[in-house]
Structure formats: C-alpha cells, structure tokens
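Heads up: the structure comes next, in structure tokens.
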Amino acid sequence: MAGLAIAFGSGAMTNSIAEIEHNDVLLIIGSNTTEAHPVIGQKMKQAARRGAKLIVVDPRRIELVDYACLWLPIRPGTNVALINALMYVIITEGLVDKEFIAERTEGYDNLWSVVQNYPPERVAGITGVPAEDIRAAARLYATTDRAGIFYTLGITEHTSGTNNVMNLANLAMITGHVGKEFSGVNPLRGQNNVQGACDMGALPDVFPGYQKVANPEVRERFAAAWNCRLDGTSGLRIPEMIDLAAEGYIRAMYIMGEDPALTDPDITHVRKALANLDFLVVQDLFISETAKFADVVLPGASFLEKDGTFTSTERRVQRVRQAISPRGESRPDWQIIGDLATRMGYPMEYNSPEQIFAEMAGLTPSYAGMSYERLAGDGLQWPCPAPDHPGTKFLHAGKFPRGKGLLQGIEYQPPAEVTDEEYPILLTTGRMLYHYGVTTRRSAALESYRPEEYAEINPAQAAELGVKTGDKVTVVSRRGRLVTRVQVTDRVPPGIMFMTYHYKESPVNILTNAAFDPVAKTAEYKVAAVRLEPAG
Amino acid sequence: MADVTLTIDGKKITVPAGTTVLQAAREKGIFIPTLCHDPKLSPWGGCRLCVVEIEGMRGLPASCVTTATEGMVVQTASPAVLEARRMLLELLLANHPQDCLTCSKNGACSLQDYAYYYGVRGDQFQGEKHAYPVEADNPFIVRDLNKCVLCGKCIRVCDEVQVNNAIDFAHRGFNTRVTPAMDLSLKESEACVFCGNCVQVCPVGALVEKASLWQGRQWELTKVRTTCTFCGVGCNLEVSVKDDRVVRVRGYDNPLVNNGWLCVKGRFGADFADSPERVARPLIRTGARGEGRFREATWDEALDYTARRLTEIKEQYGSRAIAALSSARCTNEENYLMQKFMRAVIGSNNVDHCART
Amino acid sequence: MRDLKEWRQTLQQQDRPADRPSLTVGMSTCGQAAGGARVMAALEAEVKRLGLQVDISQTSCIGMCYAEPIVEVALPGKPRVFYGDMTPERGGRLVASHVVQGVPVREWALIQLPGNASPYEGIPVMPASPYYGRQVRVVTSRLGLTDPESLAEYIATGGYAALEKCLRQMTPEQVVEEIKTSGLRGRGGAGFPTGLKWGFTRSAPGEKKYVVCNADEGDPGAFMDRSVLEGDPFAVIEGMTIAAYAIGADEGYIYCRAEYPLAIKRLKMAIAAAEAKGLLGSNILGSGFNFELHIKAGAGAFVCGEETALLASIEGRRGMPRVRPPFPAQQGLWGKPTNINNVETYANVPYIIQNGGRWFAAMGTEKSKGTKVFCLTGKVKKTGLIEVPMGITLREIIFDIAGGIQDDRRFKAVQIGGPSGGCLPADKLDLPVDYDSLTRAGAIMGSGGMVVMDENTCMVDVARFFLNFTQVESCGKCTPCREGTKRMLEILTRICAGEGRMEDLDTLEGLARVVKNTALCGLGQTCPNPILSTLQNFRHEYEAHIKDKRCPAHVCQALLVYTIDPEKCTGCGACTRACPAGAISGEKKQPHRIDPALCIKCGSCMEKCKFGAISRL
C-alpha cells in the first residue's frame, strides 16, 4: 500500500473486480489467486478461457500457471530485478507510452538511470527466469491495451516490499497502463476488511481517509469532532510495538481480532514481548495464541452476529448484516470499545453501527457520500465524496492524487536472508484454499478436510531426505524449528519449499525472518533460509 | 441490434434481436418450466421441459435455445406442449426417488414444483430405477445421484464459472451420470475444490450441503444478505437462519462482485461461529502469561478491570506506553472506534493492524 | 509437383506390368474376416513352390461380400477374372489351371473384366452380370480393382485431375456452383444439398475455417464408408481438398471410428503419400493453396455420428449434440465455420468436378441425383456393397441385384436407415429409392444400411433390438431420448416376454410421439421410427404377442412352445439326450413329451430330431 501511495498518492486497487473478465492481459505477480482470492481466481480463469493472456510470475507452479501463456518462475525475493528487466525491454524496444510519461509522470530520467543496468540477460541470472521469457512478457504487457497488474503478498511480504510495489507502479506508468478501465495496478487485499481498517485510520500515522496525524488542520478538525486533544506524532507500527514491548517501553496492549503470536514473523520474539507486558487485553472469538498471554479476554461477536460494513479489495463498501445473535455473552466489538471508553471517562454511547458510520463519513472525504441507506444494495466504491456521487470504478483517471505519478529508479537488493550451506533451502509461505485465519480452523467441515500442514517440497529434496508424501520432517531455520508433514510435488522447484501459516501445531512463523521492509514495516514472510531434517 | 416482434400465446412481444423465446416469454410473465436453464450459464437445451410450439417449425423446439425471430408465433401451452411436458415429467419421476417427505429440497425443488403444477404423479411407468449409493465421503457436499435429473448445470458451473472441470457426464443412455473422472467420488478425484457452486445451481435434491441436512425445512428459513469474511473479495452471502442458527450459506447475486458464486470457505466455513471453542464470557487470567488459564468474569468486572489498568498505566507511563492492534477482520465501524479510542481516550497514535494478510 | 498430367500419362503408359501374371486378393476388412489372409498365404506358398514369376498383391472390397474371399487372376493380355469363396485348399488348382495353364476355373469364377482382351467363355462380364447389371459404380468404381494404397494407381486412373482442374481453372465460387448444379445431397442421411452447405460455409464470416469428414459410421449393418475408405482413400481426401478450396479452409479432420483400423491405416498412408507429392499440405500443386488434414479416431459412440457431437469429440469433449442453430457452417469446430460431409459425399466430389455437375444430375430422380451406395445385409441371397442410381426400386435391389430371399422364403420387411430408419413391408417394394419417397413411407435414406428380413423375423423383436441400440447409445443429454427410450424398451421387452397389455400400444405411441417431437438431436427425434413403422405396418404382430401370447415368427423365446408330434415321434431318445433342462421324458420306442414348465425353449431338441416330430409354435 505504501508503495502505491508514494507513486500515485493513494494506495488501493485501481480497478474493479468486474473489469477482470474484460482484461486482455493479466500480469499476475506474487498472487496465488485461485487459493487466496478464489472468486477473483475464477474470473481470471474465465478471462483466460475467453482468450485473455495470463503472465504468471511465481516461484511455484500454482494453478493459474495452467491457464497462463507465460510463466516466469522467479527466485523468491528478486521481483525488483525482474520488473526492472521488463522495463528495460519496454524502454529499449520503444514500447513506452511517451505521451503518458510526459503528461502524467515525473522522474523518468531517474528511472532509466537505474533500469538501464538491468538487461534481461543479467536479470536472468538473478531471477532464474530465462531472458527470452522476460522479453516476451514485457512485449505482451506493453503492447496490449487492456493489461492489468495483480499482486498480493508475494510482492509485499519482502524487505523490498515497498520497492516492489513502487516498481510495479513504474511499469504501469511507463506503458500508460493506469488511470483507465481494464488496466491498472491492483493489490488483491487478503483479509476481508484490511482495506477498511486502513481506510478507517487503524494506522499509526493517519486518521480515517489517510489524513495525516501530523497535519495540524486535520488534527484540529478531528479534535473538534471528538472533543479531545490529539497527538501529532505518528505512533508505532506493529514490529516496533513488539520490539518496544520486549524492551519494556510499551507496558500495555489492547489487541482486537489479531493473533500476532501466531501470524507475525519470528513468533518466539513476539511471545517474549507479550509476556513482558504489564497488561494485555485481547478481544477475540477464541483463545488465540495471543490470548493465552492476556490479562483479560473480552469475547467479541463474529461477522454473522453484528451489523456494520466491510470495504473489499476493490474499495467497495458493503453492508454486514446480523444473521444470528451473539453467541454466549459475547458482544459486538463496537459495543465493547464504546463501553470501555465510557468507563474510562470518555462517553462513546452509540446506538448502532449506522450511527458510527455516519460520524466517520462526516470526517472522511472519500466516504462522505455514503450512508447505510445508499449501501443497502450492491455497495459503493470509494472515493464517493458526495451523496449524489456514484462511487468510483477505477482510480486516477486524468490525474493522480499526488499530481504527477512518481517514477523512481529502484535498485535490486537481495532478500535479507539467503541460503547457504547450513540452510540450503528457501522457505516461502502463504495461504491455502481451505483456511483463512483463526476462524476456519474452528469450522468443523473445513478443519476436518484440511486438519494439518502439508509442506510442499520438491521430489529432489524428498529423495535426498528419503521421505514421501505424508511423512514428517523437521524444518529448521536460524530462529527455530518445527515438525510438519510434507507433500512431495513439483509445484515447488528444487531448492524451494512452501508452507502455510494456518496451523498453530506447526507454526511456520517460528521459522520466518522478522526483517522488515523499511517503509511499510511488512516482514519478509516470503523468504527464509531453512534446512530439512528427518523428523524425530 | 434491432428489435423483433413475436407473438406468444396471442400476446405481441417486442424484444431485442437475439433474445430467446424463453426470455421473451418470461419477460412477459408467461410461465415456462425449465430444469437445465440458467441465465448465468451457457445454453444447454437438455431437459426439454421448456418446449413450445412454433408455427412453421418441426416438432416442439426448446424455447431456451430458440432465438425469437420477427413474426414468430409461439404457443407455450398447446395440447401437444402440455402432453410433452407431462410425459417428460413422468419420465423424470419414473427414475426419481419419491421421498419428498424427507428430502432436503422439499419446498424448493423445481421437479416437485412442476410435477405439482402439471398434476403429474410419476406413476405411469413402473420400470427400472437407479439405486446408486449416496456419496457422503466429504465434509461439504452430499451427492445423491438417484435424485439427479441430469440437467448438467453442475457440470457447466464447474466448467464455465469455476473453470475447474472436476465433473462431467459419463456412461450412456439410461446409465448416464455426472461424475468426477474415473467414477471416483468428489473427494477421491482431488479435482474438486468444493466451491459448492454446483450445489447452488442444482434444481433438485441431488446435491445438498451436508451440514444443512435435517437442520430446517426450506420454508422455515430466514434469509439475510451480508458480506463474506474470508478474504478481501467481498462476496455477497445469503445466510439462511433457523432458530438463531445458520443452516446454510449461499452466494447472493451481486453482479458487480461475485455474481452469486462462492468458494469453499464462504459457503461452508460459517459454522465456526458455533464452535464450542468460542469464548462465551469475559475471562480474567489466573495462570502464568502464555499458559492460557483463566476464570470467567462478568462484563462489568472485566471492563472495569481493563479500564482501571489502562488508566493506571497511562497515568504511570504515559499514553505512548500503550499500543493497540485493530483488526482487518472487524468492521469499519469497529476499526474507526478502535483508532478513535486510542487517539481520543488513550491519547496515543500507537494503533496499527496486520495490514499484510 | 506441377505436371500431374504428365505423370499420369507416364503411369498410364507403364500401366501394370503386363509381362507376367498377377494374383490379387480382396483384403479389406470383409475379405480379411472371411479368411483372405490365409488364402493369400496359400497362394504365395503355391507360387513359391512352383517357382513361378507371379505378382501377388491385395485390393479392396469389390462389393460381393457374399462371395468373399475373392481372388483376381490376371494374365498378360487376358481379361481379369474374379473368383469367389476361395479357400487355401482351392489355391493349388487355381494356380495350376488358370495361372500355369491359362484355363480359368469356370465353376468358381464370379465375373470377368475384359478390358481390351476378348472375354473368356462362360464367365459373366462384370457390367452385364446379374449382380452388377443394375449398378452404376461411381464412388465405388475403383473398389476391388485398384491397389488402394497406391497413389500412382489413383492418379493413373484419373485421380487428382479434379483437384487440378479446380486449382488451375476454377474459382472457389465456381466449384461451389458446380456442386450445386450436380444436385448432390448429403449421403450421411439427412440429405441436405451439399452445394448449399458449402456456400453457407464459404460465405460465413471468419478467416479460419475447417472441413470435416464424418467417417463415424455407426448404424448396425452399415459399412459403406468403411469400404470406400479402405478401397479408395485418395478419392475422399481429394474430395475434402476440393471442399477446402471451395469454402476457404486450410485445415481438415477425418473423424473415423477407431473400430476401422484398416481404414485409418490406409488414410494415414494416403495422407502421407499425398503430402509427399505436394497434393496435400502447403502450396498444393504450386497453386499457393494450403490444406492440412488430420485424422481423429473416434471412441465408438454412435452419437458421434451426429455432427455437433462429432465436433465436440474432435475438440476433446464428450460427444454430445448441441442445439442447432448455430449450424457448423456458422460456428463449428472451435467456433469456426466448418463444413461437415460424410465419406460418400466427399468421394462423389472428384467425379462431379471431372465430369461436370450436369453429368451427375442426369442420374437419379428429380430431387435425388446421382447414385447411392447401400449395404445389403440380412436374409438376401447376395449380401454386399452395391451402388445404384437414385430412383431404383426396392424390389430391383432386393430381388434383381441381391437375388431375392435366402432359401426362397417370404420377404417380410426391409429396414432402411439404421436405428433412425423404418421397416417397410412388402407393399412398399416398388417404392423408388430416393430421399423423399423413403421419408414419406416412414423410413429414411440414412447412410445406406439396408437390412432385409424374411418371414422368420419378429417385427416386435426388431423394434426391441433397435430401441435397445438407441437406449445404450443415447448420449443422455436430453430427457426424452435418455428416459423415453428406456421406457419404450421396457415396454417392448415386456411385450416380447408375453407380458404386454393392449394399452401398452397407446403408451408406446404416445411416448414415441413425444420423443420424436422433443428430442434434441436427429438421433433422438428419429429413434422412435422403428416402433412407429412397425406399429404402422405390423400392428398385428404386436397384437399377437399381447392378445394371443404368440410370436408369429417364432422368435420371442418366452412365447415359444415346443411340442412333440406323437405320430412322428419314434421314441429314439435323441431329444431327451439333447435337452439341457431335462424337460423331455418318455419310454423307449414310445412317443416322448415335453414338460412346458421345465422347457427353456432353447430349441436343441428340434435340431436333434431326425424325424421332424418336434415343432415350435
């Protein structure tokens, strides 16, 4: 997100889900869409069936590869180099959109000064992708009018995450593939309301609608509306919170609906930090790994048990409606927060989520035109600044929020951890179709179908280790070790293995590296050096 | 494209060129039964229940695959048409278990509705009936091929929507059936991803959600439209509820998003809400940190305790010693409140959430 | 290759080496099935034993199936003589007499082809023989007379002159016009005018187009396409190439059932040979026209003979018909305009181009032009492959060409058009064989299967046989065909078992009507025809089964009663020993009795009785 914000001035999926079926080229990079976003995956496959060309960049032979005209099996952590090479081909072959570059962007010379050092032949050595395939992909993407980029955590969960995203923005801008229908830069957001949580200002540096806390005018407006004084200094991001908790500077945490003790990298460190707190309140549906460290656990209600709104990956704000009553004595989270605030001397007495939404919309320009009444049907896509505004199908038509799009040359830097003799295998992590977060493990049907991890290893590794599908192995990194069953498959190339993060019984984040992207503070979940040992 | 005008049952109807006779009739509210037709899937023309009589055309063409043309004269309920529909329903019922009493689909079954509408009892032909074993070896879908009317919608949805091709017709004649490759079960085939979109389009009781069995009759269900929680796509759900319990989840037809389709999690994962592991009451720690030992507390006790401790820590160490994680799984309203709570009540910008996953 | 004409002349001058005798064995599927290979081996051995300089080769089916294996003997400068019912044992005398001494074995000879030589005495000359006298051989003109695997022979006998004419002298439009002039109608069954179809495909928008040959011959008792493919594969390929030129296609498929391995083998050889000589592939005859031809082997589903199911099968999907329109001419293979004809239709094309549409149109009737190949099977004396001008009567075919009914029994019916066809009784024998007359009479031309039935055929059983066929071959897509044929079959089975009720006949008629009116594809719509035509023409047989519990033809086992005539029975005990059920008892030298409760109606006793004492009622 941060990468797009730097390049364009705002970070979100530029286009809409419904546009995918009309795309002619889909550049899918670091997104196992059919498992992580199955219904978008459907549409991509439908597009391929109709004749759209898919370029899939992924170290694994994911399902979409079967529908792709080009598969670039990239070595994890080398995206920047690959994207530079794509741009090298596009620029040197004269496939750029000169008009777009001139009118809509700045910094082209800076970009070229870097990109010129990335001819495909050199990049083939870095990424493992044949130079000819890089050229073919570049030509196809650049010369097709309706060409969209789709990415997920395979791009962002790196120390170079922000750079990756900025470089994708570079690629889209030099080809004029942004600011119009059917082509753009589209991060597919993983969680149901990660877009909304960002939009709502659940970030340390912005109020709702990405209004900077450092901006005194903004602060003044919120202070007036909320009737309080507001801090103008940006707060901490998660890894900083964890580090400072471990060091004793953060004394209390309030964690709602998150499980950093399972899903954050290097969870040994996370658990130490949590144990070090003076006070921890966890608000959740279940006793999560994090809740085990809590002083107080407050039972929240599930999405089925409350009203509200989610904002989907395509910026679509849609209604959540209560279907059943909260289980046990659990309460909707909005009620709990309100009650707690009131008890702390700040009355937050809302009757309904609708009332909260109205207050928020009044303070958030991109949501200003929305109301529960207007959201009753198929939802609205932000920006929707006025009650008569139809919402926005695609972003950046004519102009970027920051004015001109920023082209910035980005040098490739290797991932924080590389393989060596001791840890010869690259571990990369991700989702699988049948699980999501803590909830699906508690679904009887889903859990019974996929009750445990099957780490994917290549037949070569399996032979070396003498294991077959279903056998257990020990996976060891510099940070920890775990035991998991394996699936022997050529979905992963030799030298690379894949695990999901769904299973607390084999918590992959014991292994992952807590090296962070310097801007977004996203951890390098996608690259860790490990070795395999026989189990036991 | 230009419009064409045709006559259906004596009514003049003008429709855009390319419209099928079925669409034209339905637009005018003229009833034509269909089992294999679905406007969201490719035309099939297999069940033949939608046959009509068209002047100048041989036999009884299927209206779902016949394009309306200028001057066409159509009868949807002539004696020949009614004879044919009744006979086709007799034929379907002759090879169908007549166990509507206990069938999950009772009340929402197209075959049942049409049999009723045309007064067909299904007793004209006493002959062989299939006796396939009911397939229930997976946790999501029960397949009872004895009830299958071979409309092929499941196959088309798997091919055209899910683009998965896990199932197709196999065998011939009376023994034709829908099956994964090599007559394996859905689970054994390993091709099925259990999106369950086939269940949603099945017009009869051949494909039903396993968890919904015996949980509620069709007319007992209250339906609520909401938004799925299992990824960022924002699929619209139709949640069916009986007695404050979720009986079934299906896709709600938002053409801009999921068009009514879902994945395995959205369709079959909602039962987590009723997991016995749900925290039912507020808890206060009794054991060591990380141990997970708690005692139950009232809301007042838990909230007062929390308020007191946060206030103490704020006073002792300052606002910036407190941090909060908001949630990408919670609603906008809750995220708004959480950041407001941190900024207005605690006085700190230390609020973040796990924006990565 | 640019100078085809020159090559042809050279080949014709060479002709076959006339300086030594040749022996040619009919080795199509029918010849091989009858033992042609053993005959050929015996002849080879004999020739080798005698140290003779004789060419031994094979040819295809000349059409006299009843007389297979057939061997042709040709001496330099002498007429070619065809011998029937050859066995390995007869090889010695054949070689000794005809090859060595030059004296044909008259009693085995079927026909002779005199050519320029004067005919042998006492052997019918082919065009005048009773079997061939009424035939007009166009499509089958090379069958049994040339080596089907030799491109040189094909060209020497005029092959590829038509394609050359098209490419050098005619525009594609002119080719289409010529086919229209000929009046050729599709030989696959439905009889759609071929020229019209080509015109549609030609004018359909689109760059990429296909031609497809339907060689998925599936009717019981039909083998026209197989014989043509095995006997003259180049003619089919040339016809397809001309069609491709006419409609603007550059790629084609022959969809041939995998049960025809020899046809597929010969097609492959022919394609390779034509490609090697620049008659197929890119830049054909230097004209710049390209045509690539593939073979797709079908997996044996009857329904794949239906054109939309066939296309689905080529595309790799399950062979199931889809609704037309759109017709393949608009949206066919992979959605591209596609011309589909069957084998015989394509095989006619080179002759039409060479001789002109008018020549073709001069044969046949007003609306059915040219000739038609039929497979004569069933209870006729001479079964075989025949080609007759349209408009010939059924009587001429069955009695003049095929020599009438075996054992001179009574003719009962002829089943035309396969499972989609109908059974025509004796009063239809003077019906002219053309598309429209047959359809009016309740049968169809079909692809050319003609099954003749005599008085020992039960018409209810025939209907049951065909319904069983269509039921197991139904693709299952549409309700009426899948479920309707099942229930019709059940009713017919019940009637044959003596458990029918009179109201079953109304139900059958009602079902047949609904299936005919509502089924999706041609196969489903026509599958009740065997019932409807037998009900119309032989209703009394149904009634006999139901009311009298009697099968007039003594076929339906459950209705048979075996009895012993005490007057004729000598009490020899042969029947008792033959009976597997122990149903026959009696004292020695005394008349025996059959216990109907134990009798399983196998008929063994009747076969064994030397005194004709056992009868079947």
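Just so it is clear: chains get the letters A, B, ... in the order the sequence lines come, proteins before strands, and each one is counted from 1.
- For B:Phe230, the parts sitting under 4.5 Å from any heavy atom of chain A are the backbone and the side chain alike.
- The contact between B:Asn197 and chain A is made entirely by side chain atoms (from C-beta outward), counting heavy-atom distances below 4.5 Å.
- Ranked by heavy-atom pairs shorter than 4.5 Å toward chain B, the options A:Tyr346, A:Phe357, A:Tyr350, A:Phe286 are led by A:Phe286.
- Of the listed residues (A:Thr34, A:Leu280, A:Thr311, A:Leu363), the greatest number of heavy-atom pairs within a distance under 4.5 Å of chain B belongs to A:Thr311.
- A salt bridge does not link B:Arg285 to B:Glu291: none of the charged side-chain nitrogens sits closer than 4.0 Å to a carboxylate oxygen.
- Using a 4.0 Å cut-off between charged side-chain N and carboxylate O, B:Asp244 and A:Arg327 make a salt bridge.
- The pair A:Arg271-A:Glu289 counts as a salt bridge, with a side-chain nitrogen and a carboxylate oxygen less than 4.0 angstrom apart.
- If you measure heavy-atom distances from B:Tyr336 to chain A, the contacts under 4.5 Å come from both the backbone and the side chain.
- Chain B forms more heavy-atom pairs under 4.5 Å with one residue of A:Ile40, A:Thr440, A:Leu433 than with any other, namely A:Leu433.
- Here the side chain of B:Arg225 pairs no donor or acceptor atom with the backbone of B:Leu237 at under 3.5 angstrom.
- Salt-bridge check for A:Asp333 with A:Lys306: passed, with a basic side-chain N closer than 4.0 Å to an acidic carboxylate O.
- Residue contact with chain B, scored on non-hydrogen atoms closer than 4.5 Å, is absent for A:Leu188.
- A salt bridge is defined here as a Lys NZ or Arg NE, NH1 or NH2 lying under 4.0 Å from an Asp or Glu carboxylate O, and B:Lys242 with B:Glu220 meets this definition.
- Interface remark: A:Met360 contributes backbone and side-chain atoms alike to the contact with chain B (heavy atom separation under 4.5 Å).
- Between the side chain of A:Tyr67 and the backbone N or O of B:Val163 there is at least one donor-acceptor pair closer than 3.5 Å.
- A salt bridge between B:Glu160 and B:Lys40 is absent, with no side-chain N of the basic residue lying under 4.0 Å from a carboxylate O of the acidic one.
- Neither the backbone nor the side chain of B:Cys195 comes within contact range of chain A; no heavy atom of the residue lies under 4.5 Å from a heavy atom of that chain.
- Using a 4.5 Å cut-off between heavy atoms, A:Ala291 contacts chain B through its backbone alone, with no side-chain atom that close.
- At a 4.5 Å heavy-atom cutoff, the contact between B:Phe140 and chain A is made by side-chain atoms alone.
- Both the backbone and the side chain of A:Val296 come within contact range of chain B, each with at least one heavy atom under 4.5 Å from a heavy atom of that chain.
- Neither the backbone nor the side chain of A:Ser16 comes within contact range of chain B, judged by heavy atoms closer than 4.5 Å.
- In this structure, the portion of B:Asn236 lying under 4.5 Å from any heavy atom of chain A is its side chain and not its backbone.
- Looking only at heavy-atom pairs under 4.5 Å with chain A, the residue among B:Thr286, B:Asp274, B:Asn254 that has the most is B:Asn254.
- The pair B:Arg289-A:Asp295 counts as a salt bridge, with a side-chain nitrogen and a carboxylate oxygen less than 4.0 angstrom apart.
- Only the backbone of B:Leu262 has a heavy atom closer than 4.5 Å to any heavy atom of chain A.
- When heavy atoms are compared at a cutoff of 4.5 Å, A:Tyr249 approaches chain B solely by way of its backbone atoms N, CA, C and O.
- Only the side chain of A:Val213 comes within less than 4.5 Å of a heavy atom of chain B; its backbone N, CA, C and O stay farther away.
- A centroid separation of 6.0 Å or more is found between the aromatic rings of A:Tyr254 and A:Phe279.
- Chain B forms more heavy-atom pairs under 4.5 Å with one residue of A:Gly377, A:Pro260, A:Ala245, A:Ala36 than with any other, namely A:Gly377.
- If you measure heavy-atom distances from B:Arg245 to chain A, the contacts under 4.5 Å come from both the backbone and the side chain.
- Of the two parts of A:Asp307, only the backbone, made up of N, CA, C and O, holds a non-hydrogen atom closer than 4.5 Å to a non-hydrogen atom of chain B.
- For the set A:Ile336, A:Val317, A:Leu244, the count of heavy-atom pairs under 4.5 angstrom toward chain B peaks at A:Ile336.
- Using a 4.5 Å cut-off between heavy atoms, A:Arg49 touches chain B through its side chain atoms alone.
- Between A:Glu305 and B:Arg278 a salt bridge is recorded (basic side-chain N to carboxylate O distance below 4.0 Å).
- Here the shortest heavy-atom pairing between A:Gly308 and A:Arg319 reads O-NE, 3.0 Å.
- With a 4.5 Å cut-off on non-hydrogen atoms, B:Asp137 does not touch chain A at all.
- Of the listed residues (B:Asn164, B:Val224, B:Val279), the greatest number of heavy-atom pairs within a distance under 4.5 Å of chain A belongs to B:Val279.
- Salt-bridge check for B:Arg281 with B:Glu296: passed, with a basic side-chain N closer than 4.0 Å to an acidic carboxylate O.
- With a 4.5 angstrom heavy-atom cutoff, A:Asn227 does not touch chain B via any of its atoms.
- Annotation for B:Glu312: atom CD counts as buried by contact number, over 12 foreign heavy atoms lying within 6.0 Å.
- In this structure a side-chain-to-backbone donor-acceptor pair under 3.5 Å is present from B:Gln200 to B:Gly251.
- Contact of B:Ile284 with chain A is made through backbone and side chain together, with heavy-atom distances under 4.5 Å.
- Comparing A:Pro38, A:Pro204, A:Ser302 by how many heavy-atom pairs each has under 4.5 Å with chain B, the most go to A:Pro204.
- Using a 4.0 Å cut-off between a side-chain N of Lys or Arg and a carboxylate O of Asp or Glu, B:Asp304 and B:Arg308 do not qualify as a salt bridge.
- In this structure, no portion of A:Glu240 lies under 4.5 Å from any heavy atom of chain B.
- Using bins of under 30°, 30° to 60° and over 60° for the plane-to-plane angle, the ring pair A:Tyr449/A:Tyr434 lands in the tilted bin.
- In this structure, the portion of B:Val241 lying under 4.5 Å from any heavy atom of chain A is its side chain and not its backbone.
- Of the two parts of B:Gln316, neither the backbone nor the side chain holds a non-hydrogen atom closer than 4.5 Å to a non-hydrogen atom of chain A.
- Using a 4.5 Å cut-off between heavy atoms, B:Val239 touches chain A through its side chain atoms alone.
- Residue A:Glu354: no heavy atom, backbone or side chain, is found under 4.5 Å from chain B.
- Of the atoms belonging to A:Arg441, not a single heavy atom falls under 4.5 Å from chain B.
- Looking at residues two or more places apart in sequence or on another chain, you find a salt bridge (Lys or Arg N to Asp or Glu O under 4.0 Å) between A:Arg316 and A:Glu314.
- Judged by distance alone, with hydrogens and angles left aside, the side-chain atoms of A:Glu329 form no donor-acceptor pair with the main-chain N or O of B:Pro282 at under 3.5 Å.
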